Amino acid sequence: MAWFEPGVGRVDIASGRLEGATSRYVKTFRDLAGLYADEAAFNAVVAEKGDAVAYEVTDFKPSANPGDMIIGVTRMEPGKVGNEYYMTRGHIHARPNRPEMYYGEAGHGIMLLESPDGEIRTIEILPKTMCYVPPFWIHRSVNVGPEPLVMTFAYPADSGQDYDIIAKAGGMRVRIVDDGKGGWTAVENASYRLRPKELVEEIMAKAD
Ligand code: NI
């Protein structure tokens with residue numbers, strides 16, 4: 001029997017990476033077209049730093065087998081597009097009943113969660129905060145602080161990601177913006193369209 005080998009990595013706060021990771025992916029600012037409400041502000045950010053890394057993920061993926069687990073680290077730059085804080089694209093798991101765990105390492109973030117039928121939760125993440133993302137919730141992280149947001153995470157290896165679910169609804173139901181006092185607030189996203197009941201039921205039925 002060839003047993004899987006244990007994995008080990010060190011979370012490097014300065015680089016925001018998992019040392020010893022077996023894979024890495026990055027999203028540049030240019031990759032994030034369509035996410036932000038203020039298109040002119042987005043174009044200005046792209047003109048200034050379009051090819052710079054907005055956020056990245058380094059992870060350890062032993063396999064994609066059911067029952068296995070992926071662990072890793074994510075790092076996001078601080079900043080805003082207009083009054084809207086930098087965020088990840090966000091997703092629901094392709095097997096939507098798979099959960100996830102996030103743990104704050106550095107910085108100040110928000111885990112923005114949306115149920116398929118449009119309920120919203122915002123979980124503030126500071127160092128040593130552990131956030132449980134329940135099955136079926138769409139999730140996106142937002143950096144609302146002045147420093148890079150670094151989090152570790154773990155999720156079932158066969159979860160997969162569906163990014164289109166957000167785009168198809170015109171974004172998530174709320175946007176996380178500057179409250180004008182250096183903090184954050186959630187405001188309604190005018191482009192958002194509630195998912196039809198049939199689609200919500202279709203998502204909920206994917207519970208293998
Ligand atoms: Ni996820």
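Quick caveat: nothing in here was measured; it's all calculated off a predicted structure. As the structure lists them, so they are numbered: ligands from 1, and atoms in each ligand from 1.
- Around the Ni ion (ligand 1), the protein contributes the following N, O or S atoms under 2.8 Å, ordered by chain and number: H91 NE2, H93 NE2, E100 OE1, H139 NE2.
- For the pair K49 and F29, the cation sits on the ring face: its NZ or CZ lies under 6.0 Å from the ring centre, inside 45° of the axis.
- Ring geometry for F153 versus Y102: interplanar angle of 30 to 60°, hence tilted.
- Heavy atoms of other residues, nucleotides or ligands lying less than 6.0 angstrom from CD of E39 number 12 at most.
- Looking at I125, L149, I176 one by one, the single match for side-chain contact (heavy atoms from CB on, under 4.5 Å) with V144 turns out to be I176.
- Of the charged side-chain nitrogens involved, none lies within less than 4.0 Å of a carboxylate oxygen, so that E114 and R173 do not count as a salt-bridged pair.
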Run the side-chain hydrogen bond (donor to acceptor under 3.5 Å, both in side chains) test on E100 and W137 for me, step by step, so that the C-alpha distance in whole Å, both residues' side-chain angles and the decisive distance to 0.1 Å come before the verdict. CA-CA 10 Å; E100 189 154 359; W137 285 76; over 6 Å; no

